[in-house]
S.K.: 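My questions all concern the structure below.
None of the values given here were measured: they were computed from a predicted structure. Sequence positions, counted from 1, serve as the residue numbers for this chain.
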Amino acid sequence: QNIKKMKHLFISTVLTVISILGFAVNSNAQTGTYNGTLSNITMNGKSYNDATNQSFTLTSTGGNLYDLRGTVGPIGKMPGTIKVELKVSINNGVVTATTPIGGYAGKLMLLDGGLPIKIKLSSCTGSLVNNELHFVLDTYAGWQFVPVFPASVTFDGTLQP
């Protein structure tokens, strides 16, 4: 009788732990494409209007690590497009960059077909809750001690079905 109760308790405990762990892993982040708006756009100290219909994609690279990628079209007099290519971790809905400060965060692709200009990371923080992705990305092109072309944007988007 006691052995049956112990087996039942053990199996119940194991199933509960598996359920909790499964929920934590599955609720961590949803990969896919997030469509939304870039706001709080500043480049070289100048502010720009919001850019709607923007897309960023989260792709799992294993565990809680992801690639965050997107292409931003010309803003203001920007002579090309920006390709964001950033490595992030997502833990309990908190998005943080795993790319080191000063590390590669993407590139500016010039319209005249010139060499792409590497963009470096200053900071990236955000959240992913209820299929809503929010992040603030600060970057620069140039050298760490002389950050030429600093830029900052905020993205808010929703996972697409």
S.K.: Should Ile82 and Ile119 count as side-chain neighbours, where that means a heavy-atom distance under 4.5 Å?
M.R.: yes

S.K.: Do Lys83 and Arg69 have side chains that get closer than 4.5 Å, going by heavy atoms?
M.R.: no

S.K.: Side-chain contact test, heavy atoms from C-beta onward, threshold under 4.5 Å: evaluate it for Val72 versus Leu38 and give yes or no.
M.R.: yes

S.K.: What's the spacing between Phe135 CZ and Asp156 CG if we round to 0.5 Å?
M.R.: 9.0 Å

S.K.: Tell me, please, which residues at least two apart from Lys87 pass side-chain hydrogen bond (donor to acceptor under 3.5 Å, both in side chains).
M.R.: Asp67

S.K.: Please round to the nearest 0.5 Å and tell me the distance separating atom OG1 of Thr158 and atom CG of Leu133.
M.R.: 9.0 Å

S.K.: Under the rule for side-chain hydrogen bond (donor to acceptor under 3.5 Å, both in side chains), what residues qualify as partners of Thr71, not counting sequence neighbours?
M.R.: none

S.K.: Rounded to the nearest 0.5 Å, how far does OG of Ser89 lie from CG of Leu68?
M.R.: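 That separation rounds to 11.5 Å.
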
S.K.: Drop me the distance from Leu128's CG to Gln30's CD, to the nearest 0.5 angstrom.
M.R.: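 One gets 8.5 Å once the value is rounded to the nearest 0.5 Å.
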
S.K.: Quick check for you: to the nearest 0.5 Å, what is the distance between Ile41 atom CD1 and Leu137 atom CG?
M.R.: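 Between Ile41 CD1 and Leu137 CG, I get 11.5 Å after rounding to 0.5 Å.
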
S.K.: Are Gln160 and Tyr34 linked by a side-chain donor-acceptor pair shorter than 3.5 Å?
M.R.: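 The criterion, which ignores hydrogens and geometry beyond distance, is not satisfied for Tyr34 and Gln160.
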
S.K.: What's the separation between atom OG in Ser127 and atom CD1 in Ile90, rounded to the nearest 0.5 Å?
M.R.: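 Here the rounded value is 9.5 Å.
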
S.K.: Which pairs pass side chain to side chain donor-acceptor pair (under 3.5 Å) with one or both residues in residues 38-50, sequence neighbours excluded?
M.R.: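 Pairs touching residues 38-50 that pass the test: Asn40-Thr154.
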
S.K.: Does the ring center of Tyr140 lie less than 6.0 Å from the ring center of Phe149?
M.R.: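 They do not qualify: ring centres at least 6.0 Å apart.
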
